[in-house]
J.: 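Take this structure, written in structure tokens, and hold onto it; I'll ask about it next.
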2 protein chains.
Amino acid sequence: MYRIGELSALYDIKADTLRFYEKHGLLSPSSRSDSGYRLYNQADSERLKFILRAKAVGFSLNDIADLLSIEVDKSNRACADVKGLVDTKLEQVEAKLAELQHFATSLKSLSNTCCGGPDSAEHCSILEALESSDKHIIAKKEHHHFANLGHKD
Amino acid sequence: MYRIGELSALYDIKADTLRFYEKHGLLSPSSRSDSGYRLYNQADSERLKFILRAKAVGFSLNDIADLLSIEVDKSNRACADVKGLVDTKLEQVEAKLAELQHFATSLKSLSNTCCGGPDSAEHCSILEALESSDKHIIAKKEHHHFANLGHKD
DNA sequence: ATAAACCTTGGAGTTTAATCCAAGGTCAAG
DNA sequence: CTTGACCTTGGATTAAACTCCAAGGTTTAT
Ligand SMILES: [Zn+2]
Ligand SMILES: [Zn+2]
Ligand SMILES: [Zn+2]
Ligand SMILES: [Zn+2]
């Protein structure tokens, strides 16, 4: 059993955040001490881990609540409903994944065109690309200056 | 040249959003009409595209401003600075990508364990996994009910 | 038995990223 | 020369997700 401070330390979040999650129906401690302290068990902790992972990946707390709260009227829902919700989220994750890959590619190719040297960025290919068209971000150029000859311009 | 309404329509955002981006130094129209209307050129449009893509992928406007604003004191910066910034962002993107892949895997395996049938979700493997430990999310189970025999429980 | 470190509640404040509004100026069509 | 769609500004409001605060109760250790 963790008290709120222990659980929050475990995941490096604020105790306030846990109270906030509780108020918003995401995670309630499975019990309370005699004096009213929140007591979280292992399952609560795992649920928190799930919440934090979902959040880290771009789901809003509302999204996460959707996902977690089906459980509430469990008996009035079919497997199809539950699976549908998960599959919808999965589609969203995969869309995000695709965007992210696209963006990583852009950044990689931006990075590759730049020499990374110590001279003025006046003619830096990265800045050139950002200033004008981002076609340059995707186009593969050897270097912004003069074909990797350095900074003699 | 686009006026604010045209550019915002082009990217399906509000004109207000463009004014907001301008106020926060992300994108200024390259000129104004005699009467003060904002006029965006193709480069502005491409820059906006970059902003929106970065945003879509989870960068905050501050992150994006960092990336775009090096250009301001360009001459006092070295290629190394610029490339460093891009590489930092790239690391962040790749970290996010890894998390996202992890999460997609979890969701996929959650989805796979569930029959998706029309019967009550009372014993749905997805809910079971979410309720308790998320070890179940990752562990591969054939089905929550009885090894794909359906809903005779 | 008293201080330090924890916990409780309710409510206010913050940040980010818009989004809306009011009062008014501009422009093309009829 | 007026109507309607568009634009200007500044300022208010929103929503999400915390984050902090005040006033007080609890636990643990010396
Ligand atoms: Zn260089
Ligand atoms: Zn460079
Ligand atoms: Zn089922
Ligand atoms: Zn199921």
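Within every chain, numbering begins at 1; the chains are lettered A, B, ... in the order of the sequence lines, protein sequences first and strands thereafter. Heavy atoms only: backbone and side chains are in, while hydrogens, waters and symmetry mates are out.
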J.: Counting N and O atoms only, with roles assigned by atom type, does the side chain of B/Tyr37 sit under 3.5 Å from a partner on the main chain of B/Ile4, one being a donor and the other an acceptor?
T.: no
J.: Do B/Cys124 and A/Arg77 come close enough that some side-chain heavy atom pair is under 4.5 Å?
T.: no
J.: I'd like to know if B/Asp44 pairs up with B/Arg47 as an ion pair, taking the criterion as any Lys NZ or Arg NE/NH1/NH2 lying under 4.0 Å from an Asp or Glu carboxylate oxygen.
T.: no
J.: Who passes salt bridge (Lys or Arg N to Asp or Glu O under 4.0 Å) against A/Arg3, sequence neighbours left out?
T.: none
J.: In this structure, how many angstroms lie between the C1' atom of C/dA17 and the CG atom of B/Leu26, rounded?
T.: 11 Å
J.: Strictly under 3.5 Å: I want the nitrogen or oxygen pairs between protein and nucleotides 16-20 of chain D, one per line.
T.:
from, atom 1, to, atom 2, distance (Å)
D/dA17, OP1, A/Leu61, N, 3.0
D/dA17, OP2, A/Leu61, N, 3.4
D/dC18, OP2, A/Tyr21, OH, 2.8
D/dC20, N4, A/Asp16, OD1, 3.4

J.: What is the distance from CZ of A/Arg19 to C1' of C/dA12, rounded to the nearest Å?
T.: 15 Å
J.: In whole angstrom, what separates B/Ile4's CD1 from D/dT9's C1'?
T.: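 It works out to 12 Å between those atoms.
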J.: Output a table of donor-acceptor pairs, distance under 3.5 Å, between side-chain atoms of residues 85-95 of chain A and any protein atom two or more places apart or on a different chain; print 'none' if there are none.
T.:
from, atom 1, to, atom 2, distance (Å)
A/Asp87, OD1, B/Ser111, OG, 2.6
A/Thr88, OG1, A/Gly84, O, 2.9
A/Lys89, NZ, A/Asp63, OD1, 3.2

J.: Going from CG on B/Leu7 to OG1 on B/Thr17, what distance comes out if it is rounded to the nearest 0.5 angstrom?
T.: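 The CG atom of B/Leu7 sits 11.0 Å away from the OG1 atom of B/Thr17.
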J.: Rounded off to whole Å, could you give me the CD1-to-P distance for the B/Ile64 and C/dT16 pair?
T.: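 Those two atoms, CD1 and P, are 13 Å apart.
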J.: With axes from five pairs an end, tell me the bend angle of the helix from C/dA1-D/dT30 to C/dG30-D/dC1, nearest 10°.
T.: 0°
J.: Taking atom C1' of C/dC7 as reference, at what distance in whole Å does atom CE of A/Met1 sit?
T.: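 It works out to 16 Å between those atoms.
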J.: Do A/Tyr2 and A/Ser8 meet the criterion of a side-chain donor-acceptor pair at a distance under 3.5 Å?
T.: no
J.: Taking side-chain hydrogen bond (donor to acceptor under 3.5 Å, both in side chains) as the definition, give me every residue that meets it alongside B/Asp66, ordered by chain and number, with sequence neighbours left out.
T.: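 Applying side-chain hydrogen bond (donor to acceptor under 3.5 Å, both in side chains) to B/Asp66 gives none.
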J.: State plainly whether the residues B/Glu99 and B/Lys96 are in salt-bridge range, i.e. N to O under 4.0 Å.
T.: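 B/Lys96 and B/Glu99: not salt-bridged.
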J.: Any Lys/Arg nitrogen of B/Glu22 or B/Arg19 sitting under 4.0 Å from an Asp/Glu carboxylate oxygen of the other?
T.: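 No, B/Glu22 and B/Arg19 are not salt-bridged.
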J.: Does the side chain of A/Leu48 come within less than 4.5 Å of A/Leu10's, by heavy atoms?
T.: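 The answer is no, as the side chains (C-beta and beyond) never meet within the 4.5 Å cut-off.
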J.: OH of A/Tyr2 versus C1' of C/dC7: gap in Å, rounded?
T.: 19 Å
J.: Listed in order of residue number, which residues of residues 32-40 of chain A have a non-hydrogen atom at under 4.0 Å from DNA chain D?
T.: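 When residues 32-40 of chain A is checked for heavy atoms under 4.0 Å from DNA chain D, the hits, listed by number, are A/Ser35, A/Tyr37.
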